[in-house]
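All values below come from the heavy atoms of this structure, side chains included, with hydrogens, waters and symmetry mates left out. These figures come from a predicted structure and were not determined experimentally.
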Amino acid sequence: MFRLEKVFQNDDSGYILFTSVFKLVLIFSSIYVFLILNKNTVYDLLNYEIFIESKFFLFSVLFLSYLTISIFFNGNKREYKSNFISFIKEDILNFFVANIFTLATLFILNNENIFGLEFLYLSIYIVFISAILKIIFNNIYNSLI
């Protein structure tokens, strides 16, 4: 019988990779749902053209690209840390680094029409989703160990 303890004998890098990829997919889908439901209904969730034509499309693509680079650049850890300080040091720091690089790129491209309450709500929403994911991943990790 296959036991998951064998996976965690040497290090937790497989679990960290899984959580990072899952986090990126969920953040992208959360941004997509947020942007669609911002001015539309649930029935428009499968209309991808609304997302592509929104003013946050370029922001979301750049943000996820920089977040991916930031996560995997800092992701050479061998041990999963489940405390709140690691959430601030890893997730929130990666979020702010990706946000700064995204806003700098948008400033260079003269795409300044994203600043407003929607941007603030989207940022708070992403941090909230990341916090919930950290709690879920901590519970999964504790049950696996």
Side-chain angles (χ1 to χ4, degrees), residues 2 4 7-8 10-145:
F2 178 71
L4 285 174
V7 174
F8 294 111
N10 296 331
D11 58 10
D12 299 334
S13 60
Y15 185 73
I16 293 171
L17 178 67
F18 166 74
T19 58
S20 299
V21 170
F22 191 78
K23 188 184 314 177
L24 288 171
V25 168
L26 199 63
I27 286 175
F28 175 74
S29 61
S30 299
I31 291 172
Y32 175 79
V33 168
F34 178 83
L35 293 178
I36 296 293
L37 294 181
N38 190 17
K39 295 182 180 174
N40 300 302
T41 63
V42 177
Y43 300 112
D44 294 325
L45 279 177
L46 297 178
N47 191 357
Y48 305 115
E49 294 172 3
I50 297 172
F51 176 66
I52 292 172
E53 294 172 359
S54 72
K55 64 182 180 179
F56 285 100
F57 175 72
L58 183 61
F59 170 80
S60 64
V61 170
L62 289 173
F63 177 74
L64 286 171
S65 301
Y66 287 130
L67 187 63
T68 304
I69 292 168
S70 178
I71 285 174
F72 289 112
F73 182 70
N74 296 329
N76 55 1
K77 294 175 252 356
R78 298 179 63 84
E79 184 177 328
Y80 182 79
K81 296 177 183 172
S82 61
N83 53 14
F84 184 72
I85 300 297
S86 70
F87 170 71
I88 292 174
K89 285 173 42 178
E90 296 168 4
D91 293 341
I92 301 298
L93 183 66
N94 288 336
F95 169 75
F96 281 120
V97 167
N99 220 355
I100 288 171
F101 279 121
T102 302
L103 294 177
T105 304
L106 289 176
F107 180 73
I108 291 171
L109 296 175
N110 291 328
N111 190 357
E112 300 173 5
N113 61 353
I114 66 164
F115 298 109
L117 281 178
E118 292 174 334
F119 176 73
L120 179 66
Y121 294 151
L122 181 63
S123 299
I124 292 170
Y125 181 65
I126 292 171
V127 169
F128 182 70
I129 292 293
S130 297
I132 290 174
L133 283 175
K134 182 67 173 178
I135 292 168
I136 291 170
F137 289 142
N138 286 347
N139 290 335
I140 291 172
Y141 182 78
N142 288 334
S143 69
L144 288 175
I145 296 298

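Summarising the geometry, atom CZ belonging to F96 is positioned 12.5 Å from atom OG belonging to S70; distances are rounded to the nearest 0.5 Å. Within the model, atoms OG of S20 and CG of L67 stand 9.0 Å from one another, a figure rounded to the nearest 0.5 Å. Taking CG of L64 as the reference point, atom CZ of F59 lies at 8.5 Å (rounded to 0.5 Å). If you take OG1 on T68 and CG on N94, they are separated by 10.5 Å, rounding to the nearest 0.5 Å.
Annotation: side chain to side chain contact (heavy atoms under 4.5 Å, CB included) contacts of I136 (sequence neighbours excluded): I132, I140. Partners of Y66 according to the side chain to side chain donor-acceptor pair (under 3.5 Å) rule, which considers only residues two or more places apart in sequence or in another chain, are T105. For F128, there are no ring-ring contact (aromatic ring centres under 6.0 Å, His included) partners at least two apart in sequence or on another chain. By the side chain to side chain contact (heavy atoms under 4.5 Å, CB included) test, S123 pairs with F95, N99, F119, sequence neighbours left out.
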Criterion side chain to side chain contact (heavy atoms under 4.5 Å, CB included) on F63 and I126, from CA distance to verdict: CA-CA 11 Å; F63 177 74; I126 292 171; 3.9 Å; yes
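For the salt bridge (Lys or Arg N to Asp or Glu O under 4.0 Å) condition, the pairs that include at least one residue of residues 21-35, sequence neighbours left out, are K23-D91.
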Acceptor/donor pairs from residues 26-37 side chains to any protein atom, 3.5 angstrom cut, sequence neighbours excluded:
residue	atom	partner	partner atom	Å
S29	OG	V25	O	3.2
S29	OG	L26	O	3.0
S30	OG	L26	O	2.7
Y32	OH	L45	O	2.4

